[in-house]
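Here the structure is a predicted model, which means the values were calculated and not measured. Excluded from the calculations below are hydrogen atoms, water molecules and symmetry mates; all remaining heavy atoms, backbone and side chain alike, are included. In each ligand, atom 1 is the first atom listed, and ligand 1 is the first ligand listed.
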Amino acid sequence: MPVAGIRPGTPEQPADLVVRNAKVHTNDPGRPQATAVAIRDGVIRAVGEDADIAALVGPHTRVVDALGRRVVPGLNDAHLHVIRGGLNYVMELRWDGVRSLRQALAMLREQAERTPPGQWVRVVGGWSADQFAERRLPTLAELNAAAPDTPVFVLHLYQSALLNKAALRAAGFTRDTPDPAGGQIVRGHDGEPTGLLIAAPGALLLYSTLAKAPTLDEADKLDSTRHFLRELNRFGLTSAIDAAGGFQAFPENYGTVMELARRGELTLRIAYHLFPQTAGQELDDLKRWIDTVRPGEGDEWLRLNGAGENLTWAAADFENFTEPRPQLGAYESEFEKAVRLLMENGWGFRLHATYEETIRRDLAVFEKLAAEGLFPQGNRWLFDHAETVGGESLDRIAALGGAVSVQNRLSFQGEAFVSRYGAAAAAEAPPLRAMLDRGLTVAGGTDATRVSSYNPWVALHWLVSGRAVSGRRLAAEHNRLDRAQALELFTLGGARLTGEQDVKGRLVVGSYADLAVLSADYFTVEEADIAHIESVLTVVGGRIVHAVAEHEGLAADLPAISPEWSPVARFGGYQASPAPGLAGAAPGLAGARQADRVLEAAAASDEQYAWRLARGHAVPGQSAAPQDPCFL
Ligand SMILES: [Zn+2]
């Protein structure tokens with residue numbers, strides 16, 4: 001096959017960067033596999049075999065030998081609270097990937113000791129008790145013992161928050177503090193708050209408590225965002241669609257990411273949405289934004305993509321699967337006004353909707369507007385989440401030109417979902433196959449950083465295996481995706497939601513030069529090992545933004561993390577554990593730090609083995625490690 005992009009007789013300029021000796025998965029049905037990619041000016045100029053691409057290697061071309069590794073298009077997380085995540089990243093102790101509560105508490109204890117007075121230790125999502133060998137949350141007594149003086153706030157999904165005594169004092173909770181609507185401050189026999197806050201079912205109590213903790217200054221917010229984007233690059237992520245979020249006001253909380261874009265320092269392409277913050281004032285906010293900005297404004301690094309995932313607060317059905325489905329009041333009239341306003345002004349939107357009951361009510365509003373010719377009018381729109389959407393609603397979504405963005409929230413909440421709705425419902429949640437069979441555009445994401453981990457490979461593992469982090473297989477076989485399909489949701493899927501499918505999500509001539517060289521071959525590793533994949537080399541717009549293992553040193557160093565007490569400075573972000581069967585796992589860590597981490601993981605693994613042995617789940621005499629892949 002002739003090499004794409006080189007026309008006979010046309011003199012081609014040399015490439016800036018060539019990746020060769022790779023197993024390239026292109027996402028291009030016309031040329032699904034290749035061994036080399038040539039990049040110039042941030043764009044892919046040729047895809048083909050090494051011998052063909054050799055003609056594009058000039059004296060100044062950087063040639064990367066992929067050593068036979070798998071190369072995929074850069075991943076795109078279609079639902080990530082990346083802007084808010086970046087503003088907070090270096091202040092958070094991340095339990096993402098931690099495999100035992102013992103290790104989690106050891107990290108917390110150490111962090112409490114290194115946190116200066118006035119600051120808090122915050123564990124804000126990205127984990128679930130289901131991932132721990134112990135299968136339980138920390139107790140309040142354990143938090144108070146680990147941190148007698150430093151405020152500690154631990155968020156568990158959208159379900160609860162645990163505060164130690166110092167945090168109760170810092171947040172100002174007393175016996176006289178009333179329970180807010182939709183939230184419960186749990187009290188002891190003496191009437192004093194115990195430290196347990198419950199979303200019942202709304203998460204506002206949890207978030208508003210977290211909002212009492214100090215924030216970073218402007219310089220550290222820039223630095224924190226830089227480090228978070230690089231942490232995402234570590235997993236091969238090159239694009240994300242931001243879903244906005246509570247306590248993420250526009251324009252104030254977008255200044256940091258805009259400043260990085262202005263300086264050309266983004267290492268992740270971000271399409272963002274705008275989310276009205278205050279109940280009762282949603283229409284005023286939307287009107288003001290419509291007058292000042294337009295979807296599509298920006299460039300390929302930072303661009304406005306529409307409104308949502310919240311449009312009006314009364315229509316939001318928070319997912320908290322430990323609680324009954326929220327009973328929403330009559331929200332339609334304000335909601336209709338908001339959607340009408342968007343449609344009349346050429347604004348697309350994304351809409352958070354967890355349950356079929358909500359989606360039906362939303363669709364009735366959309367259909368009413370469609371009867372007036374207002375829908376879809378070429379505006380891109382989509383539902384987010386849709387765990388329990390039914391077939392008839394999917395037909396109605398298709399008829400209105402909508403799309404769906406799905407996340408692996410059940411990786412972390414699967415056990416709670418099964419307890420409430422049963423295994424049969426979980427087997428179809430969300431109904432991926434029914435969505436794809438209808439030809440709907442489906443994009444994959446994580447919903448990180450508070451409800452899920454930002455590690456996209458945990459989500460890809462869920463899409464392929466149907467397994468939660470507890471190891472329980474949730475999805476029915478017909479509702480699991482093959483690896484190429486799952487990857488398509490995490491590459492082209494997101495590109496379609498931003499109208500960039502012609503320049504993003506495939507490794508073809510003319511596409512943005514966004515790709516990842518993987519630590520293990522996604523297409524051939526054991527299913528359980530998918531969750532352990534990382535990138536050894538990530539390229540965005542032709543720039544190397546992450547390089548470890550044999551490529552260490554190719555990416556520019558970031559400034560050291562500030563403040564120096566940052567949990568990320570000590571522990572890093574996602575806690576990789578060695579993947580069974582994967583030599584050289586945890587490629588993101590070099591030298592002593594990696595050795596350190598492997599020892600910690602081994603200790604956690606030993607403890608888990610002893611626990612399993614004591615309960616008859618393991619066979620004495622067989623070594624712990626091969627039986628302890630973290631998702632089995
Ligand atoms: Zn949502």
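Aromatic ring centroids of W313 and Y331 lie 6.0 Å or more apart. Residues Y355 and F383 place their aromatic rings such that the two centres sit no closer than 6.0 Å.
For E309, the N, O or S atom with the smallest separation from the Zn ion (ligand 1) is OE1. Take the N/O/S atoms of H352: the one nearest the Zn ion (ligand 1) is ND1. Residue H385 approaches the Zn ion (ligand 1) most closely through its N/O/S atom NE2.
Taking 2.8 Å as the criterion, D384 does not count as a coordinating residue of the Zn ion (ligand 1), since none of its N, O or S atoms falls below it.
Judged by the 6.0 Å and 45° rule, R269 forms a cation-pi pair with Y512. The side-chain tip of R450 points at the ring of Y207 from less than 6.0 angstrom away and within 45° of straight on.
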